[in-house]
Amino acid sequence: MTSIEEVRQRAEADAKTFGYYLTPQPELLQGFLEGLKTNEDRYGYPSCPCRLASGIFEYDRDIICPCDYRDPDIAQYGACYCRLYVNKQVYESQSLPEVPERRPVEKQARAYGTPAAAAKQAPAQGSQEKPVVKAEKAQSGVKKKLWYCKQCGYVVFREDPPYICPICKAKREMFAEIESTVEFNG
Amino acid sequence: MQFSKVSGKKNDHKVTLYALSTCVWCKLTKQFLNENNVEYEYIDVDLLDEADKRKIHEIIQDKSGSLSYPTTIIDEKIVINGFRKDKLKEALGL
């Protein structure tokens, strides 16, 4: 089980890496960290405390803190959706902006009792014999692809490309899908 | 599906709060309503089972289309997304 202190250290280290700050209001910060800990204990990963998670990793992948939407939200509004992570200007002004939900509605909807979620609750008999990768795919129905950043070459295997390249900060438009083909000869 | 009821002296509006147990802004909304003695009912959606989550999805989508938390619905028609003191005060006449 993760302690609040571990959650705090992880968030602080991540903020430092990206040049962000944690929310300037101590009681809010404590609340965010507690929410993250609760979700990590409940789901096995620290999904966003301000969003409803499905409990299925592949569905919640984009809202595991720090979420996919943090970097574009901080770039546009100065803070992430929860307002756990903020930029220097917001940190110093102590005035938190309103940040609208950037997560697409289709992804939000996955948390509300989908057929895949129901399937997870009642797994089919003999399912443990299937290879892990296949089981994961069948359960969530999420189709992952290989994406590469045309600017720096960073490669990622996910449903969608990142909003901002974590390596060179290029925008999403710079990502292209790597289409792999297998050829059989002779 | 069980809503928790909080009684208050100010009960001239029907106030329903859709919340998450992990969400700080939802807690602040509850705190704000408590401090202002507003009668309301709330539900922590993350603690519900799949069938009830599906029902909540339908209810919220029907009213606003937005699935963000907290969502406060006043008199079945005014929908407030997020912890917005200004909007809550205006809608509740505080």
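Each chain gets a letter, A, B and so on, in the order its sequence line appears, and its residues count up from 1. Bear in mind that the values here come from a model prediction, so they are computed numbers and not experimental data.
Under a cut-off of 6.0 angstrom, the local environment of NZ in A:K88 is sparse, with at most 12 non-hydrogen atoms contributed by other residues, nucleotides or ligands. Within a 6.0 Å radius of NZ in B:K89, no more than 12 heavy atoms belonging to other residues, nucleotides or ligands are found. Within 6.0 Å of CD in A:E12 there are more than 12 heavy atoms belonging to other residues, nucleotides or ligands. Within 6.0 Å of NZ in A:K171 there are 12 or fewer heavy atoms belonging to other residues, nucleotides or ligands. Counting non-hydrogen atoms of other residues, nucleotides and ligands closer than 6.0 Å to CD of A:E177 gives a total above 12. Dense packing is recorded around OH of A:Y154, with more than 12 heavy atoms of other residues, nucleotides or ligands lying under 6.0 Å away.
Closest approach of B:W25 to A:C82, counting heavy atoms only: NE1-O, 2.9 Å. Between B:C23 and A:C50 the shortest heavy-atom distance is CB-CA, 4.2 Å. The heavy-atom pair separating B:L67 from A:Q108 by the smallest distance is CB-OE1, 3.1 Å.
Note: B:L20 CG to A:T38 OG1 = 11.5 Å, rounded to the nearest 0.5 Å.
Criterion: ILVMFWY side-chain heavy atoms under 4.5 Å apart, direct or through other members. Under it, A:L33 and A:I63 are not part of a common hydrophobic cluster. If you chain together hydrophobic residues whose side chains sit under 4.5 Å apart, A:I74 and A:V90 fall into the same group.
With a 4.5 angstrom heavy-atom cutoff, A:Q30 does not touch chain B via any of its atoms. Looking at A:L96, the atoms closer than 4.5 Å to chain B (heavy atoms on both sides) all sit in the side chain, from C-beta outward. For A:R103, no part lies near chain B; criterion is any non-hydrogen pair under 4.5 Å. Heavy atoms closer than 4.5 Å to chain A are found in the side chain of B:L28, but not in its backbone.
Among the candidates B:K55, B:K53, B:H57, B:K27, the residue making the largest number of heavy-atom pairs closer than 4.5 Å to chain A is B:H57.
Aromatic ring orientation, A:Y112 versus B:Y69: parallel (interplanar angle below 30°, classes split at 30° and 60°).
Judged purely by atom type and a 3.5 angstrom limit, B:T22 has no side-chain atom pairing as donor or acceptor with the backbone of A:G35.
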